[in-house]
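When reading the values below, keep in mind they use all heavy atoms of this one structure, side chains included, and skip hydrogens, waters and symmetry mates. Atoms within each ligand, like the ligands themselves, are counted from 1 in listed order.
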Amino acid sequence: MHRSRFSLSRRQLMASAGALALSGAGWLPDMNDRASLRELGEKSGLLYGAAVQSRTLREAPRMAQAVARECSLLTPEFELKWNTLRPEPDVFNFSRADQLLRFAERHNMRMRGHVLVWYKSVRDKWLIEALNNNPPESLLADHIRTVAEHYKGKLYAWDVVNEAIKAKDGLPDRMRASPWLTAYGPGYVQRAFEYAYAADPITPLFYNETNLEYDDEETRLRRQGVLNLLDKLKRNNTPLHGFGLQMHLQVGRPYSPKSLASFIAEIAKRNLEVHITELDVSDVDIPGDRDTRDRLVADHAREVLETVMAHAPVTTLSTWGLSDAYTWMEDRYFRADGARLRPLPLDRDYNRKPLWSVLADTIEGRK
Ligand code: G3I
């Protein structure tokens, strides 16, 4: 995701300084007096949620309080993936995901299921070997059935398949070179949805995809691959109900509101509910002090969200994490100046940031 350093236009930096002065003068509503994202979403109908880990909710009470205050729904960050759920062929370990479901139920929240089939969940030796040796259909079918039956009727939605498209792999229909494709052929996507629906016909089933927001060749090809996949699934009467747009954003990447708008409009034409599933905004590549970075993160999120919200029936907006204290990005990306990343709506002390205000405006319906 982070390929090279990006320069920022003088306009962007001046705008951020100007807006900072305004907010400093108190001319903008003080975000700390505003209702929570949860209250705003349950009033407007655009529910807000965040990805969380069971261990974090157990060990960080202030994070648990912030999640309960701000979120209407939560997504297990990794507890429902194959490599966590099923360490051995005959062992299903639901305990960590069940802890998250109990937290959600205790706080009258919903939980999104993430994710039944994903190429990056193939981590354990037994599964790698099985998928490389002409596995029976039952390996895929029984896993999905077991997991979907365990949570039948208890989840707000399922991400059934994640990130199946990658144009640069050069395969037919721009399919990603995935162990699932190797083992089961391109029909694995449709069959995964069919197995999930057979086990739980109540829960809406989503296809979730990443890296669709920017204006480069790979993204343009990926967008077309995604649309073709959705059309094929619908042509075959696959039980597909929604599309998950991950929205991992990065300040400074080449962005064209026009091309994103036309892609999102194409998604809308396919009568799919849209969930924004993994929003965060990387500031790894931009210079500047903390407040300038926060303002540029917020401004970029606002411009992308305005485009998406204007063209798609978005019903939930989830960030991938809630506080900068817990972001997956810090496992992989590092600023040249050594400063900690600030991609999420709350800072490391759970204070609301300018990005929080952007989410509040989006959820409340304000531009
Ligand atoms: O909790 C265990 C710990 O007990 C163990 O000692 C340690 C050693 O490996 O692993 C810990 O689990 C890690 C888990 O995150 C919790 O930190 C897993 O190894 C690690 O693979 C897992 O990474 C997650 C990653 O998906 C792969 O599942 C990230 O948290 C999560 O943010 C990331 O999320 C993905 C979405 O699912 C799909 N879209 C992209 C997004 C970001 O990569």
Side-chain angles (χ1 to χ4, degrees), residues 1-3 49-60 63 67 71 73-88 91 93-100 103 111-125 127-128 143 147 155 157-166 176 178-180 189 192 206-214 218-219 222 226 242-250 253 274-284 316-334 340-346:
M1 175 164 105
H2 299 283
R3 281 188 296 279
V52 291
Q53 297 186 16
S54 50
R55 182 177 57 194
T56 310
L57 295 183
R58 253 194 340 269
E59 296 173 359
M63 175 67 169
V67 168
C71 298
L73 65 158
L74 60 81
T75 302
E77 190 164 356
F78 72 103
E79 289 85 348
L80 279 174
K81 294 168 181 173
W82 272 65
N83 55 305
T84 310
L85 276 182
R86 198 173 175 189
E88 293 164 41
V91 175
N93 181 352
F94 291 109
S95 60
R96 291 195 269 193
D98 287 352
Q99 284 170 27
L100 284 167
F103 180 93
M111 186 160 99
R112 291 190 87 259
H114 174 82
V115 52
L116 289 169
V117 181
W118 183 35
Y119 75 98
K120 272 191 180 175
S121 298
V122 181
R123 308 266 298 268
D124 295 306
K125 190 165 177 291
L127 184 56
I128 294 168
H143 180 87
V147 178
L155 299 178
W158 260 115
D159 288 337
V160 176
V161 175
N162 191 39
E163 303 174 13
I165 299 294
K166 184 177 179 185
R176 177 186 293 273
S178 143
W180 302 109
V189 178
F206 279 65
Y207 173 76
N208 194 44
E209 189 59 83
T210 189
N211 274 327
L212 293 166
E213 297 79 16
Y214 292 101
E218 168 64 17
T219 302
R222 183 188 298 249
V226 165
F243 179 72
L245 181 70
Q246 289 188 14
M247 278 184 77
H248 289 292
L249 303 182
Q250 182 187 348
R253 269 188 75 176
V274 175
H275 285 181
I276 291 171
T277 53
E278 304 185 17
L279 173 62
D280 47 24
V281 188
S282 170
D283 59 346
V284 75
T316 71
L317 191 170
S318 293
T319 48
W320 204 248
L322 176 61
S323 156
D324 294 335
Y326 301 98
T327 169
W328 67 281
M329 286 189 185
E330 289 212 320
D331 297 337
R332 285 177 55 181
Y333 306 109
F334 308 92
R340 304 298 293 269
L341 300 184
R342 297 174 63 85
L344 291 165
L346 302 185

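- Expressed to the nearest 0.5 Å, how far CZ of Arg112 lies from CG of Leu74 amounts to 11.0 Å.
- The only option from Tyr207, Phe206, Trp158 that meets the ring pair (Phe, Tyr, Trp, His ring centres under 6.0 Å) definition with His275 turns out to be Phe206.
- Protein residues are said to neighbour a ligand when one of their heavy atoms lies under 4.0 Å from it; for ligand 1 these are Gln53, Glu77, Phe78, Lys81, Arg96, His114, Trp118, Arg123, Asn162, Glu163, Gln246, His248, Glu278, Trp320, Trp328.
- When all heavy atoms are compared, the tightest approach of Glu79 to Ser54 is OE2-N, 2.7 Å.
- Residues meeting the side chain to side chain donor-acceptor pair (under 3.5 Å) test with Arg58, sequence neighbours left out: Gln99.
- With sequence neighbours excluded, the residues forming a side chain to side chain donor-acceptor pair (under 3.5 Å) with Arg176 are Tyr119, listed by chain and number.
- In this view, Tyr214 and His300 satisfy the ring-ring contact (aromatic ring centres under 6.0 Å, His included) rule, not counting sequence neighbours.
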